[in-house]
Amino acid sequence: MHKETHWKHGGIVGVFGYGGGVIGRYSDAPEQFPTIAHFHTLRVNQPASKFYTSRFLRKLCDMWDHRGSGVTNFHGSTGDMILIGTSTDNLEPTFYDLSHQFDMDLGGSGSNLRTPACCMGKARCEYSCLDTQAICYDLTMTYQDELHRPAFPYKFKFKISGCPNDCVAAIARSCTSIIGTWRDNIRIDQKAVQAYIGGEIAPNAGAFSDRDWGTFDIQKEVIDLCPSGCMYMDGNELKIDDRECVRCMHCINVMPNALRPGVDCGATILNGAKAPILEGAQMSTLIIPFIKMEYPYEEFKDFVDLMWDWWMEEGKNRERLGELIQRQGLSHYIVDILGREPIPQHVREPRSNPYPFWKEEEVPGGWKRDLADFRARHLA
Amino acid sequence: MAADIEELKKKILDFMAKKSKFKPKMYFKDLCKADENAKLREIKKAASALVQEEKVEYWSSGSTTLYSLKGASAKETATFHEEEKE
Ligand code: HEM
Ligand code: HEM
Ligand code: SF4
Ligand code: SF4
């Protein structure tokens, strides 16, 4: 056994006119294993929030048994439905079936916009501050050219979560995380608060009930765990100092019948998450604390134009947006590229670097100095 | 300044023919050197048109996409090694 792989990665496989959506995989021992000489994968753009009818899925499986290996992956990390294993001559027929019989399109792969993904949002979740599906669909349709014809330095991902619980893990996995939030106050139903305290409503919507945790203690389980310490009981009333609330969702998750997000909703935009390959895993960093996300999302798309123009121009080959921000500096990106005011929330660790927004021309002598000259005046 | 697309297509093909001799597969960023004055989006439009005309083709590893003249990268023996394949 030599323990070497016989799979070859990559190739000129695709459907006509598309630069993404098909991932070529070949065996380098086709004579020995003729049935898997080719084993290409198709990424198929999933419907927003991944809602299907069973009839659709059965039909898709029949098609894939016929055109490919019958092996699927629901869903890949990007979000797409993954059809694993077919040969080059089956690619166009599969694409024809997908587009004509299923009304589906290929997703993204390679140096392009990857299939945008969203949580189930308002369709099933009462926490949602955004119509995540509408946003996901609109971005997918608006940026078709970016999705199918790769001309980016590397991959690019949009992910949309309806609230800070962030069920699609946008903050960990996307170059542009769109996360629902509110800027008014958490809605409180004091009667329901009392019902939780009195044990009439199960906390956490009944989760963790496989063990007896004792009676619900609002002080211990909610108020003391609020990360900004902004909740307190005033007699029988639960009070929240909303100016201090960081939208962590903890109190709402524990007492969903009593607490709900506000009504003046929009999104927080973060940039730059990526998986470990180069400098290690990185989460998205805050860029826009609040933006209204209403059709046709013009303010958001203006921001996207500035972001992409910069990354396409300055990004090195195979450099993600998050890496470019790191290389050229967050302050440069926020101030010079996006033209936004720096705010305290942009600074992750003010105490380890209190001066992130100084520019070279504002500092006498700039960033460079002559060490010999300095040492002439200061002992080492 | 909107460059004439036909002119841009020709510049890209000429550039690719020259570069192809020692490196058949190139990044989009390389294509941009075909005309330093053209906007990136114009180069993309011209390159996409060349793909439609079957003069240029995409090569993809799954994570990264490269451009080559039609047929050029098939002749090349595997020279695209990367630390990350997907
Ligand atoms: C030691 C061998 C391999 C390693 C370490 C490896 C590793 C990976 C990793 C880390 C991913 C990304 C997963 C994700 O983000 O969803 C991936 C995706 C993928 N791999 Fe592999 N892989 C290997 C072999 C193969 C083979 C043998 C094939 C096909 C014959 C293959 C086809 C794919 C495809 C098509 C994807 C994309 C799937 C998707 O879009 O979710 N890989 N691989
Ligand atoms: C331009 C001059 C100075 C700058 C920019 C500066 C900056 C700082 C910064 C950023 C801290 C950390 C604060 C914190 O995280 O709590 C600090 C702490 C401190 N500095 Fe300075 N400093 C300066 C001059 C001085 C001088 C001249 C002294 C003493 C003669 C001094 C003594 C200290 C001490 C003792 C601390 C620790 C205080 C604490 O943590 O409680 N600093 N300084
Ligand atoms: S991210 Fe928020 S809105 Fe979306 S499904 Fe999860 S909890 Fe609901
Ligand atoms: S959402 Fe989080 S920060 Fe805001 S009040 Fe509730 S527990 Fe505190």
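All chains are named by letter (A, B, ...) in the order of the sequence lines, taking the proteins before the strands, and each is independently numbered beginning at 1.
- Taking both residues in full, the closest heavy atoms of Gly62(B) and Arg114(A) are given as O-NH2, 3.6 Å, listed atom of the first, atom of the second, then distance.
- Nearest heavy-atom pair across Thr64(B) and Ser111(A) is CA-OG, 3.5 Å.
- Most heavy-atom pairs under 4.5 Å with chain B: of the set Gly24(A), Ser109(A), Pro150(A), this distinction falls to Pro150(A).
- Atom NZ of Lys50(A) has more than 12 neighbouring heavy atoms from other residues, nucleotides or ligands inside a 6.0 Å radius.
- For the pair Glu57(B) and Ile12(A), the tightest heavy-atom approach, listed with the atom from each and the gap, is OE2-CD1, 3.2 Å.
- In terms of heavy atoms, Tyr18(A) sits closest to Tyr58(B) at O-CD1, 3.5 Å.
- Panel note: side chain Lys29(B), backbone Met312(A); a donor-acceptor pair is recorded below 3.5 Å.
- Taking a 6.0 Å sphere around CZ of Phe15(B), one finds it holds more than 12 heavy atoms contributed by other residues, nucleotides or ligands.
- Open room surrounds OH on Tyr96(A); 12 or fewer heavy atoms of other groups in view lie less than 6.0 Å from it.
- Counting heavy-atom pairs under 4.5 Å between each of Gly11(A), Gly21(A), Gly20(A), Gly108(A) and chain B puts Gly11(A) at the top.
- Within the model, atoms NZ of Lys39(B) and CG of Asp309(A) stand 9.5 Å from one another, a figure rounded to the nearest 0.5 Å.
- The side-chain heavy atoms of Ser48(B) and Arg149(A), taken from C-beta on, include a pair separated by under 4.5 Å.
- The two residues Trp59(B) and His9(A) come nearest to each other via the heavy atoms CZ2-O, 4.1 Å.
- Interatomic distance, Glu146(A) CD to Lys44(B) NZ, rounded to the nearest 0.5 Å: 4.5 Å.
- For the atom pair OG of Ser61(B) and NZ of Lys8(A), the computed distance is 14.5 Å after rounding to the nearest 0.5 Å.
- In the displayed structure, Asp89(A) atom CG is contacted under 6.0 Å by more than 12 heavy atoms of other residues, nucleotides or ligands.
- Heavy atoms of other residues, nucleotides or ligands lying less than 6.0 angstrom from CD of Glu298(A) number 12 at most.
- For the options Val13(A), Asn112(A), Asp145(A), heavy-atom pairs under 4.5 Å to chain B are most numerous at Asp145(A).
- Interatomic distance, CZ of Phe152(A) versus CG of Leu40(B), reported as 11.0 Å (0.5 Å rounding).
- By number of non-hydrogen pairs under 4.5 angstrom with chain B, the leading residue of Gly17(A), Gly19(A), Ala151(A), Gly14(A) is Ala151(A).
- In this structure, Phe28(B) and Pro153(A) have side chains that are not in contact, with every pair of non-hydrogen atoms separated by 4.5 Å or more.
- The nearest pair of heavy atoms linking Arg318(A) to Tyr27(B) is CD-OH, 3.2 Å.
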